[in-house]
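Step one of this worksheet: look at the structure below.
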Amino acid sequence: DGGITQSPKYLFRKEGQNVTLSCEQNLNHDAMYWYRQDPGQGLRLIYYSQIVNDFQKGDIAEGYSVSREKKESFPLTVTSAQKNPTAFYLCASSWRDRNYGYTFGSGTRLTVV
Amino acid sequence: AQKVTQAQTEISVVEKEDVTLDCVYETRDTTYYLFWYKQPPSGELVFLIRRNSFDEQNEISGRYSWNFQKSTSSFNFTITASQVVDSAVYFCALSDPNSGNTPLVFGKGTRLSVIA
């Protein structure tokens, strides 16, 4: 079945360490997105990519980095510069025409101690 | 600029009650799309419905119904005879084809708790 896979589901890291969250899709979607969700908060856009080797900053890109070397993959690195990295991270994908909506992954819950 | 407002942050209802989740949007364009997503406790957002701005017919799917009113820029979602499994966070979103391929604009979500 087609879908989006985010791994791992839970991730623990020590403060000051970089960590990379994986997002893979087999839907042949062109665009991919990363969102951050804090308790009781909505979705905040971190980065998005509409085509391979191109990506744009979202509303809260500071302290994060991404790459899009393959159409299927859009990993997110949470760097040590991110002041409050503990959160729930959601990846999504869509056709270039995002008027068909998004397909979301099941999320990664990152805890930094 | 586009904007989606879900004024209800949290709603609690007793099982079998009907509940309506409000969604008000802002856009300057005449062509746009509206969405509702459900986020159960597991975390993944699940697509519920997509509606384009030219289709003002109300939609019913089982216990779910949607009321789209362009005159008030609203796209409200009603759950009839709510069940505990309806407990989730519900997001409304807007897409504007004329704004380039910018990402969907999401509301902040409404957390629905259905109590047995």
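Residue numbering restarts at 1 for every chain, and letters A, B, ... go by the order of the sequence lines.
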> Between B:Tyr37 and A:Tyr102, is a ring-ring contact (aromatic ring centres under 6.0 Å, His included) present by the stated rule, with each step listed?
Replying inline: CA-CA 10 Å; B:Tyr37 287 85; A:Tyr102 293 173; 7.2 Å; no
Same cluster or not: [X] versus [Y], using hydrophobic residues (I, L, V, M, F, W, Y) connected whenever any side-chain heavy atoms lie under 4.5 Å apart?
X	Y	value
B:Ile79	B:Leu45	no
B:Phe47	B:Tyr90	no
A:Val66	A:Leu21	yes
A:Leu76	A:Leu110	yes
B:Val24	B:Trp36	no

Report the option among [options] that has the most heavy-atom pairs separated by less than 4.5 Å from atoms of chain B.
options	result
A:Gly105, A:Ala31, A:Ala92	A:Gly105
A:Tyr100, A:Tyr33, A:Phe88	A:Tyr100
A:Gln6, A:Lys9, A:Arg96, A:Gln41	A:Arg96

For [X], I'd like to know if atom [atom1] has over 12 heavy atoms of other residues, nucleotides or ligands within 6.0 Å.
X	atom1	result
B:Glu15	CD	yes
A:Lys70	NZ	no
A:Tyr10	OH	no
B:Lys108	NZ	no

Value rounded to 0.5 Å, distance of [atom1] in [X] from [atom2] in [Y]:
X	Y	atom1	atom2	result
A:Gln50	B:Thr102	CD	OG1	8.0 Å
B:Leu104	A:Tyr48	CG	OH	11.5 Å
A:Gln37	B:Phe106	CD	CZ	10.5 Å

> B:Gln6 versus chain A, heavy atoms under 4.5 Å apart: side chain, backbone, both or neither?
Replying inline: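 Neither part; nothing is under 4.5 Å.
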> Of the backbone (N, CA, C, O) and the side chain (C-beta and beyond), which part of B:Tyr32 lies under 4.5 Å from a heavy atom of chain A, both, or neither?
Replying inline: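 Neither part.
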Grab the two heavy atoms, one from [X] and one from [Y], that are nearest each other, plus how far apart they are.
X	Y	result
B:Glu44	A:Phe104	OE2-O, 3.4 Å
A:Asn99	B:Phe35	O-CZ, 3.3 Å
B:Gln39	A:Leu90	NE2-CD1, 3.8 Å

>> At a heavy-atom distance under 4.5 Å, which candidate from B:Pro103, B:Gly107, B:Gly109 has the highest pair count against chain A?
In response: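 When all of B:Pro103, B:Gly107, B:Gly109 are compared, B:Pro103 has the most.
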